[in-house]
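Worksheet: the structure to be examined is printed underneath.
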Number of protein chains: 2
Amino acid sequence: MKVSTVDIEKTAMLLKLLGDKTRLTMVKILDSHDCCVCEFVEIFKMSQPAISQHVRKLKNVGIVGETRRGQWVIYSLNKQSEYYPLIQDLLEHLPNQDDKLQELEEQGLRISCE
Amino acid sequence: MKVSTVDIEKTAMLLKLLGDKTRLTMVKILDSHDCCVCEFVEIFKMSQPAISQHVRKLKNVGIVGETRRGQWVIYSLNKQSEYYPLIQDLLEHLPNQDDKLQELEEQGLRISCE
DNA sequence: CGCTTATATAATAATACACTTATATATTGA
DNA sequence: TCAATATATAAGTGTATTATTATATAAGCG
């Protein structure tokens, strides 16, 4: 079966972007749940600026989009991205990360994001 | 359908490794043809040590193996690697690179590798 | 409006990366 | 055994990356 192909240079750029444990996990999580920065801060036990900077990189190549909801900015995977078919195939090889959000839920730290 | 999953940390490491235009192209080429260093030097118009260093990185994580054939060292994709299922899915999204080897062939620079 | 919370941005410092040049090793063949 | 070819390794260098700290912006609320 035929699969959408992406230029090798752009693909290398994408893989480098996803070649970071934090960003890769973010994308895996975002594939099933939208999230805001403060949730990622909790999940990754990382400073807020560090998280913002990772998110920005994902936004810059268009694989993540944002919506403001009150004081929060909700991030989501952009499933219209030219890269999404590849990302989707990639993510299938990763173990589910739902436990991370569940932990937040139990601590009452989950935001209204859905 | 169920797909083999790899630890998220190891996957990030793999993606970082493949997040380089040269290495990604190497892997795409190796998926259909074994090659030696001197061929890569021609294809990428890059110094021999630079090529050797890229190949070494691919070897170090076990996705590429080597066989000596005379004075040449022939590199091939290790299809037994735990990463291969993921790599295979990835490569499907890349355009064919056969033109690069064909060019070598025409210049009579293709080695006995098959 | 001023305080709090959420997020972004800028400057900086430590580390990692991908080349280069120089040199070493291994195989072939005269 | 010596020269040529193929490859590997080491050291050095410029650039990229990822974190930190400090500060700016933006929305919500008393």
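In what follows, chains carry the letters A, B, and so on, assigned in the order in which the sequence lines appear, proteins first and then strands, with residues in each chain numbered from 1.
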What is the distance from [atom1] of [X] to [atom2] of [N], rounded to the nearest Å?
X: Met26(A); N: dT18(D); atom1: CE; atom2: P; answer: 12 Å
X: Phe40(A); N: dA6(C); atom1: CZ; atom2: P; answer: 16 Å
X: Arg69(B); N: dT28(C); atom1: CZ; atom2: C1'; answer: 16 Å
X: Met13(B); N: dC17(C); atom1: CE; atom2: C1'; answer: 16 Å
X: Ile74(A); N: dT7(C); atom1: CD1; atom2: C1'; answer: 12 Å
X: Ile51(A); N: dT9(C); atom1: CD1; atom2: C1'; answer: 16 Å
X: Leu18(A); N: dT18(D); atom1: CG; atom2: P; answer: 12 Å
X: Glu39(B); N: dT5(D); atom1: CD; atom2: P; answer: 17 Å

Side chain of [X], heavy atoms from C-beta onward: which of [options] has the nearest atom to it?
X: Glu66(B); options: dA8(D), dT18(D), dT7(C); result: dA8(D)
X: Gln53(B); options: dC19(C), dA11(C), dA8(D); result: dC19(C)
X: Arg68(B); options: dA8(D), dA26(C), dT7(C); result: dA26(C)
X: Ala50(A); options: dT5(C), dT7(C), dA19(D); result: dA19(D)
X: Ser47(A); options: dA6(D), dT20(D), dA10(D); result: dT20(D)
X: Gln71(B); options: dA8(C), dA6(D), dT7(D); result: dA6(D)

Answer yes or no: is there a side-chain heavy-atom contact under 4.5 Å between [X] and [Y]?
X: Asn60(A); Y: Arg56(A); answer: yes
X: Leu30(A); Y: Val64(A); answer: yes
X: Leu86(A); Y: Leu90(B); answer: yes

OP1 or OP2 of [N] less than 4.0 angstrom from a side-chain nitrogen or oxygen of [X], does that happen here?
X: Arg56(B); N: dA8(D); result: no
X: Lys57(A); N: dT18(D); result: yes
X: Lys16(A); N: dT17(D); result: yes
X: Arg23(B); N: dA18(C); result: yes

Would you classify Lys21(B) as touching base, sugar-phosphate or nothing, given that sugar-phosphate means primed atoms plus P, OP1 and OP2, and contacts are heavy atoms under 4.0 Å?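 Nothing, no nucleic acid heavy atom in range.
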Can you work out whether Gly70(A) or Met46(A) has the more 5'-proximal nearest nucleotide on DNA chain D?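 Nearest-nucleotide comparison on DNA chain D picks Met46(A).
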When you match Asp20(A) and Pro49(B) each to their closest nucleotide on DNA chain D, which lands nearer the 5' end?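 Nearest-nucleotide comparison on DNA chain D picks Pro49(B).
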Starting at the 5' end of DNA chain C and moving along, which residue's nearest nucleotide shows up first, Gln48(B) or His54(B)?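 Checking each residue's closest nucleotide, the 5'-ward one belongs to His54(B).
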Is it true that Glu82(A) and Lys10(A) make a salt bridge, defined as a side-chain N closer than 4.0 Å to a carboxylate O?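 Looking at Lys10(A) together with Glu82(A), the answer is yes, because their closest N to O distance falls below 4.0 Å.
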Hey, does the side chain of Gln53(B) reach the backbone of Ala50(B) with a donor-acceptor pair shorter than 3.5 angstrom?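 No; zero donor-acceptor contacts below 3.5 Å.
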Would you tell me whether Tyr84(A) and Asp31(A) have side-chain atoms, one donor and one acceptor, within less than 3.5 Å of each other?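 Yes.
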